[in-house]
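Here the structure is laid out as structure tokens; the discussion comes afterwards.
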Amino acid sequence: MEKILREALLKAVKSQGVEISSLEIEVPKEEGFGDLSTPVAMGLAKTLKKPPRKIAEDIVNSIENKVIFEKIDIAGSGFINFTFSKKYLCDELKELIKKQDDFLTEDIGKGKRVQIEFVSANPTGPLHLGHGRGAALGAALSNLLIEAGYDIEKEYYINDAGRQVKLLGMSVFAKYKQLLGKDYPFLEDGYKGDYIEDLAREFMKIRGYGDAENKDSLLEEITDFAYKKMLDEIKKDLEDFGVFFDSWQSERELYTLPISPHYKEGEWGGEIQKSEIENSIDELKNRGYIYEKDGAVWFKSTAFGDDKDRVVIKKEGDYTYFAPDIAYHRRKLKKGYDEIIDIWGADHHGYVPRMQSVFQALGYPRGHLRVLLVQMVTLLREGKPVQMSKRAGEFITLREVIDEIGADTIKFLFLTRRPDSHLEIDIEVAKAQSSENPVYYVQYAHARINSIFEKAKESSWLMAHGSWIDFNGELFNDEEMRIVKKLLLYPMIFKNAALAHEPHRITFYLQELAGMFHPYYHKYRVVSEDIELTKSRLALCAAIMIVLKHGLKILSVKAPERM
RNA sequence: GCGCCUGUAGCUCAGUUGGAUAGAGCAACUGCCUUCUAAGCAGUAGGCCAGGGGUUCGAAUCCCUUCAGGCGCGCCA
């Protein structure tokens, strides 16, 4: 609906002798203003030096394919308002039902390869609700872009090499000793949650109670055990949350493996002798962005607008956290993606300029890396904020919330917000409202339609009267036509959501669509004695179902057949 | 002190990238189950879009500024 208008308008505007880079088409707030409208004439008033009304008239006159419109109005201020003909709309509805997903989506990705990295929480404790927000967004954005024709890879970066993992190991080690009755010192800045003790006990089961071996090898063993165990739990949590990854990239590999098994021989030239971190720093050095100062090695990120240059190798010779991260992102670049998307918690926003700088230093345009920041989730319990600290062991885990409220509800809740909005969730309220949560409203619409079709089958209506695809659209009343128009708007919503990388637009649309269906359902009966009428109403319901299903699939929320 | 994000109904949040008279869900109040599912429907009420300036045909949206909240400014990760 929007697409055909856009094409017609672009042609008409061009015939006026002007080139425009973008054409705004919007859904008017007032129904009286038609189905779609454009303010394009007002924007052209200056360049054409003619009054908007006159331009609008000229544009309207040069529109070729007028049969699809019932009328085209020019509003006083210069808006051009289009109202589509019933016949055209019903033909389109037929197409929607026939082509389904092909009708709803548009190939804007053209097979472009995009990698999306998200969650990437340290494997030093369970996922908390904040990670859930990143997970929900990453999954939905991936689905959205896949549907839009992009070739997507979802990756989780495992920080299994840094200080935090060591700290986890030491925390569990200390607990282990204490459980054995040793007077072992309490780790001041170590991890403190109950899960530390759980890990220690589990380790004890496997490893036994002896502690004769030397401390270093035991610590190493316990560290390995602990972070792998945590990683398994994280994977399980994500699975139960309904979020899946294509690839899990280990940070350790960047230190140890001279070359990743993912690449073909020869691709990395002479780099085989060194780790990827060394190679990355070498490359930056060759490009002139690495220097030494005060005994440390620096990356010249100020060359690309960062506040200050950043250390990559400390005076003592250790890498900073930044170094493997450079290597990691360089590896992404080597894989040849057309675009790289990172989803980070907003508390890392200060990190964005230096990562962008790396891309530029390596010769890529700034836009090649797109960092989406997900704002923090503030948790309230009985109106009071709950402090979230992984170290102190105080946090609401994703697991708890999945169990208490349900994965679909939480995902939907996250996806009804813009990622950059600060979000407050009161646990008590979320639980209490669970039965009146908007997610059920949308899912219920789907389930209801399903039961209509079951009813039709049950009363052998479908057997007796065959397919409803050749419905008579003339039988649609005004309310039904409003729904038809809403359905035909979905491709536009979808396209804009994909272009803006904003899945929440889908969520809002779905609520609006469900908000049209429920009243309709209440007011009219679909399956009746009137065969022709039943056919057209079944067709409408089928189309609603197709769209609801598609939208929910993008949000990775279930579309239940029964509730 | 500097930088980023946010400020819209009592609460939680949308607002189609600058468009027409400002939107939804909760919460509150009034009604509706013998029918394809009441996780639903019908109705009522709620606003100085934080404040002030500017840009233009037109601003919740863009720029400047003030205020309020959050986050970040390590040779930590």
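The sequence lines fix the lettering, A, B, ..., with proteins before strands; numbering per chain opens at 1.
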Exercise. Report the base-pairing partner of C4(B) (Watson-Crick or G-U wobble, both distances below 3.5 angstrom), or none.
Key: G70(B)
Practice problem: Could you please name the option among A20(B), A14(B), C5(B) that lies closest to any side-chain atom of Glu26(A)? | Solution: A20(B)
Practice problem: Assign U17(B) to syn or anti; the rule is syn for a glycosidic angle within 90° of 0 and anti otherwise. | Solution: syn
Quiz item: Within this structure, what is the CZ-to-P distance between Arg418(A) and U61(B), rounded to whole angstrom?
Solution: 13 Å
Quiz item: What about His422(A), does its side chain sit under 3.5 Å from the base of G69(B) through a donor-acceptor pair?
Solution: yes
Exercise. Determine, using ring centers only, whether His518(A) and Tyr441(A) are less than 6.0 Å apart.
Key: yes
Quiz item: OP1, OP2 of G15(B) versus side-chain N and O of His504(A): anything below 4.0 Å?
Solution: yes
Exercise. Round to the nearest Å and state the distance from Ile281(A) atom CD1 to C75(B) atom P.
Key: 15 Å
Practice problem: Report yes if a donor N or O on one partner sits less than 3.5 Å from an acceptor N or O on the other, where the partners are the side chain of Ser37(A) and the base of A20(B); otherwise report no. | Solution: yes
Practice problem: Provide, to the nearest angstrom, the distance between the CG atom belonging to Leu415(A) and the P atom belonging to C13(B). | Solution: 14 Å
Exercise. Would you indicate which nucleotide in U16(B), C13(B), C41(B) comes nearest to any side-chain atom of Pro519(A)?
Key: C41(B)
Quiz item: For the pair made of CZ in Phe517(A) and C1' in A24(B), what is the distance, rounded to whole Å?
Solution: 20 Å
Quiz item: With a non-hydrogen cut-off below 4.0 angstrom, is Phe33(A) in contact with a base, only sugar-phosphate, or nothing?
Solution: base
Quiz item: Below 4.0 angstrom from OP1 or OP2 of G74(B), is there any side-chain N or O of Arg310(A)?
Solution: no
Practice problem: If C41(B) has a Watson-Crick or G-U wobble mate with both distances under 3.5 Å, name it; if not, just say none. | Solution: G31(B)
Quiz item: How is Phe79(A) classified with respect to the nucleic acid when contacts are heavy atoms under 4.0 Å: base, sugar-phosphate, or nothing?
Solution: base
Quiz item: Would you call C33(B) syn or anti, using the 90° rule around 0?
Solution: syn
Quiz item: Considering only side-chain heavy atoms of Arg525(A), which listed nucleotide, C73(B), G19(B), C36(B), is closest?
Solution: C36(B)
Practice problem: Compare side-chain N and O positions of Lys314(A) against OP1 and OP2 of C76(B) and report whether any pair is under 4.0 Å apart. | Solution: yes
Practice problem: Would you mind telling me which of C75(B), A38(B), A20(B) lies closest to the side-chain atoms of Asp294(A)? | Solution: C75(B)
Self-check item: Side-chain N or O of Ser421(A) closer than 4.0 Å to phosphate OP1/OP2 of A14(B)
Solution: yes
